[in-house]
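For reference, the structure discussed in these notes is given below.
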Amino acid sequence: MTLPSVCNESSASLVSPSISCIPTQNTPLKLGVLASGSGSNFEAVAEAIKNGLLNAQIKVLIYNNPQAKVVERAASWNIPAVLLNHRDFSSREELDLQIIECLQQHDVNWVIMAGWMRVVTPVLINAFPNQIINIHPSLLPSFKGVKAVEQALEAGVKITGCTVHLVCPQVDSGTILCQAAVPILPNDTAETLHDRIQIQEHRILPQAIALAANLNLK
Ligand code: GRF
């Protein structure tokens with residue numbers, strides 16, 4: 001039986017580097033996850049660790065919105081969660097200093113921005129050189145910043161996707177670790193497209209963390 005072409009298209013994706021190329025690291029990574037929202041990427045990392053695809057431990061979740069659903073996910077995995085509400089800080093740097101203190105208290109050596117909707121400053125970036133990773137819902141360098149999925153739809157591109165990259169002071173601009181392509185379908189809305197992008201995010205984020213650890217960029 002031939003599947004309708006729309007099914008073929010919607011499930012098609014290209015990941016580079018391919019998942020089979022990623023070596024596993026010997027020493028468990030000690031992750032601190034920064035998240036602002038639903039936390040599906042947090043969950044994907046926790047699942048990958050549980051399934052032996054990533055040799056790591058999530059030492060702490062830091063979240064900045066009291067209502068963020070990610071805190072419930074952390075509780076279900078028995079992972080400590082710390083609220084650092086950006087509204088309580090007078091500057092981005094003040095918030096970043098508090099984040100550093102929290103990460104150090106939890107003995108973190110890799111920082112994963114998994115839907116962290118705050119711009120981080122050199123204060124944080126310099127405390128974890130080449131050890132902060134971000135996931136972004138576009139094929140960078142296209143569509144940086146907020147509403148990346150909407151930007152792709154408005155531009156009329158036929159393929160978008162997601163990118164995992166190292167964090168540098170310029171937003172969504174650091175060294176690219178891994179990307180997945182996602183075709184845009186004729187009737188896509190921002191929501192349907194983002195849903196398909198997220199399926200790929202959940203695949204590539206754990207593998208990109210392993211890849212970064214093996215690059216030994218420190
Ligand atoms: C993801 O699409 C990520 O690329 C972007 O924010 C979203 C977070 O989703 N930076 P979730 O909270 O992990 O479900």
Side-chain angles (χ1 to χ4, degrees), residues 13-17 31-42 44-45 61-65 68 70 84 86 89 91-93 95-96 99-100 103 108 110-184 188 190-191 193-213 215 217-218:
S13 69
L14 171 67
V15 173
S16 183
L31 309 181
V33 178
L34 274 51
S36 302
S38 123
S40 67
N41 281 288
F42 169 91
V45 173
L61 164 75
I62 296 176
Y63 63 109
N64 65 316
N65 283 323
V70 66
L84 293 178
H86 58 278
F89 296 86
S91 68
R92 293 187 192 280
E93 287 78 7
L95 172 62
D96 283 358
I99 292 171
I100 293 168
L103 294 170
V108 162
W110 284 88
V111 183
I112 315 302
M113 290 169 42
W116 178 249
M117 303 309 284
R118 306 294 305 164
V119 173
V120 295
T121 72
V123 169
L124 178 58
I125 294 168
N126 294 338
F128 292 88
N130 286 325
Q131 299 208 268
I132 307 180
I133 290 170
N134 182 45
I135 183 150
H136 182 76
S138 78
L139 289 178
L140 292 172
S142 293
F143 312 128
K144 296 177 181 179
V146 294
K147 296 197 179 291
V149 179
E150 287 84 347
Q151 289 183 54
L153 282 173
E154 274 162 31
V157 296
K158 301 300 178 199
I159 296 175
T160 185
C162 48
T163 302
V164 183
H165 64 94
L166 294 175
V167 171
C168 72
Q170 293 74 38
V171 172
D172 299 329
S173 300
T175 302
I176 290 174
L177 296 165
C178 188
Q179 292 184 304
V182 176
I184 295 183
D188 259 335
E191 195 181 351
L193 179 55
H194 196 198
D195 285 349
R196 287 202 316 289
I197 291 172
Q198 287 224 288
I199 292 169
Q200 301 308 319
E201 290 186 338
H202 303 158
R203 293 175 69 201
I204 70 169
L205 180 55
Q207 83 167 83
I209 295 168
L211 183 64
L215 289 177
L217 289 162
K218 208 174 179 186

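As the structure is a computational prediction, the values presented were derived from the model and not from experiment. Numbering of residues begins at 1 and proceeds along the displayed sequence.
The minimum heavy-atom distance between P17 and L211, with the atom names listed, is CG-CD2, 3.8 Å. The nearest pair of heavy atoms linking S173 to C168 is C-SG, 3.8 Å. The minimum heavy-atom distance between F143 and H136, with the atom names listed, is O-NE2, 2.7 Å. Annotation for A35 and L61: closest pair CB-CD1, 4.0 Å, computed over non-hydrogen atoms. Residues R118 and M113 come closest through the heavy atom pair O-CE, 4.5 Å. Shortest non-hydrogen contact noted between P206 and A44 is CG-O, 3.9 Å.
Between V70 and S38 the shortest side-chain heavy-atom distance does not fall below 4.5 Å. The shortest distance between side-chain heavy atoms of V111 and L31 does not fall below 4.5 Å. L166 is not listed as a side-chain neighbour of I132, based on a closest heavy-atom distance of 4.5 Å or more. Between W116 and I99 the shortest side-chain heavy-atom distance falls below 4.5 Å. Contact of the V15 side chain with the Q207 side chain is registered, since non-hydrogen atoms from C-beta on lie closer than 4.5 Å. When side chains are defined from C-beta on, K158 does not count as touching I184, because their heavy atoms never get closer than 4.5 Å.
Taking CG from N130 and CG from L215, the interatomic distance works out to 9.5 Å, rounded to the nearest 0.5 Å. To the nearest 0.5 Å, the span separating NE2 on H194 from OG1 on T160 amounts to 10.0 Å. Here the CZ-CG distance, from F89 to L84, works out to 5.0 Å after rounding to the nearest 0.5 Å. Atom CD of Q200 is separated from atom CD1 of I135 by 10.0 Å, given to the nearest 0.5 angstrom. Of the inter-residue distances, the one linking R203 atom CZ with C178 atom SG reads 9.0 Å to the nearest 0.5 angstrom. Going from atom CG of L95 over to atom OG1 of T121 covers 8.5 Å, rounded to the nearest 0.5 Å.
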Could you go through I112 and I209, starting from their C-alpha distance and side-chain angles, then the distance that decides it, and tell me whether this counts as side-chain contact (heavy atoms from CB on, under 4.5 Å)?
CA-CA 8 Å; I112 315 302; I209 295 168; 3.8 Å; yes
Walk me through whether V167 and I133 qualify under side-chain contact (heavy atoms from CB on, under 4.5 Å).
CA-CA 6 Å; V167 171; I133 290 170; 5.9 Å; no
Chi angles and distances behind the side-chain contact (heavy atoms from CB on, under 4.5 Å) call for L177, V164
CA-CA 6 Å; L177 296 165; V164 183; 4.2 Å; yes
Stepwise side-chain contact (heavy atoms from CB on, under 4.5 Å) test for C162 and Q179:
CA-CA 6 Å; C162 48; Q179 292 184 304; over 6 Å; no
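In this structure, the side chain of N65 engages the main chain of S36 through a donor-acceptor pair within 3.5 Å. Remark: side-chain polar atoms of S142 are not paired, donor with acceptor, to backbone N or O of L140 under 3.5 angstrom. Side-chain atoms of H86 never come within 3.5 Å of backbone atoms of S91 as a donor-acceptor pair (strictly under, hydrogens ignored). A donor-acceptor pair under 3.5 Å is formed between the side chain of T163 and the backbone N or O of S138. A donor-acceptor pair under 3.5 Å is formed between the side chain of H202 and the backbone N or O of Q198.
Under the 4.0 Å criterion applied to side-chain N and carboxylate O atoms, R196 and D188 are assigned as salt-bridge partners.
Judged as a side chain to side chain donor-acceptor pair (under 3.5 Å), and not counting sequence neighbours, the contacts of N134 are H165, D172.
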